[in-house]
Amino acid sequence: MTKIHIGNLSSEATERGIREAFAGFGLVQKVSIMCDRHSGEPRGFAFVEMETDEGAASAIAALNGMQLQGTAVTVSQAHVRAAKAG
């Protein structure tokens with residue numbers, strides 16, 4: 001499974017719309033739109049988890065810079081964050 005980062009996401013973007021955009025490249029396991037903890041407003045980015053690396057690579061190549069629900073988005077492979085020391 002590959003996790004994809006979507007940046008510059010419109011505040012009007014929906015999980016369904018994102019899922020539909022990525023579904024043409026393979027099975028979408030999960031869509032997570034990040035929201036502010038306090039206001040609940042979208043923060044302008046989301047993550048998509050796709051079943052295969054090939055599908056994720058195709059989606060990244062095709063969708064990066066494309067219009068998605070009103071804005072040109074940046075699409076790239078998500079980076080794994082290092083665990084905080086403790």
Side-chain angles (χ1 to χ4, degrees):
M1 184 166 22
T2 301
K3 195 170 192 178
I4 299 170
H5 176 268
I6 307 162
N8 197 40
L9 196 60
S10 165
S11 62
E12 304 298 316
T14 63
E15 180 180 334
R16 181 178 179 184
I18 294 169
R19 186 176 294 275
E20 288 173 357
F22 281 80
F25 302 97
L27 182 61
V28 176
Q29 298 283 333
K30 184 177 180 182
V31 175
S32 302
I33 298 174
M34 301 294 104
C35 295
D36 182 87
R37 290 181 190 167
H38 303 290
S39 69
E41 295 294 317
R43 293 181 60 196
F45 68 98
F47 293 99
V48 171
E49 293 179 17
M50 297 198 63
E51 184 176 50
T52 66
D53 293 343
E54 295 81 15
S58 294
I60 291 168
L63 297 174
N64 186 39
M66 299 297 289
Q67 291 282 324
L68 182 62
Q69 297 181 299
T71 62
V73 294
T74 59
V75 182
S76 61
Q77 186 166 348
H79 300 288
V80 178
R81 289 170 53 174
K84 290 183 180 181

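Distance CZ/R43 to CG/L9: 12.5 Å, rounded to 0.5 Å. With values rounded to the nearest 0.5 angstrom, L68 atom CG is found 6.5 Å from I6 atom CD1. Here the OG1-CD distance, from T52 to E54, works out to 5.0 Å after rounding to the nearest 0.5 Å.
Remark: the backbone N or O of G26 is not paired with any side-chain donor or acceptor of E51 at under 3.5 angstrom. At distances below 3.5 Å, not a single donor-acceptor pair connects side-chain atoms of S58 with backbone N or O atoms of F25. Side-chain atoms of N8 never come within 3.5 Å of backbone atoms of V73 as a donor-acceptor pair (strictly under, hydrogens ignored). For D36 (side chain) and E41 (main-chain N/O), no donor-acceptor pair under 3.5 Å exists by modelled atom type.
For S11 against P42, the heavy-atom pair with the smallest separation is O-CG, 3.9 Å. Between A72 and G65, the closest heavy-atom pair is CB-O, 3.8 Å. The two residues A59 and I4 have their closest heavy-atom pair at CB-CD1, 4.5 Å.
For the side-chain contact (heavy atoms from CB on, under 4.5 Å) test, residues two or more places apart in sequence or in another chain that qualify with M1 are Q29, E49. Shown here are the ring pair (Phe, Tyr, Trp, His ring centres under 6.0 Å) partners of F45, two or more places apart in sequence or in another chain: H5, F47. Residues passing the side-chain hydrogen bond (donor to acceptor under 3.5 Å, both in side chains) test with D53, sequence neighbours excluded: T2.
Side-chain atoms of Q69 and I18, non-hydrogen and from C-beta on, do get closer than 4.5 Å to each other.
In this structure, M66 places its CE atom where only 12 or fewer heavy-atom neighbours from other residues, nucleotides or ligands lie under 6.0 Å away.
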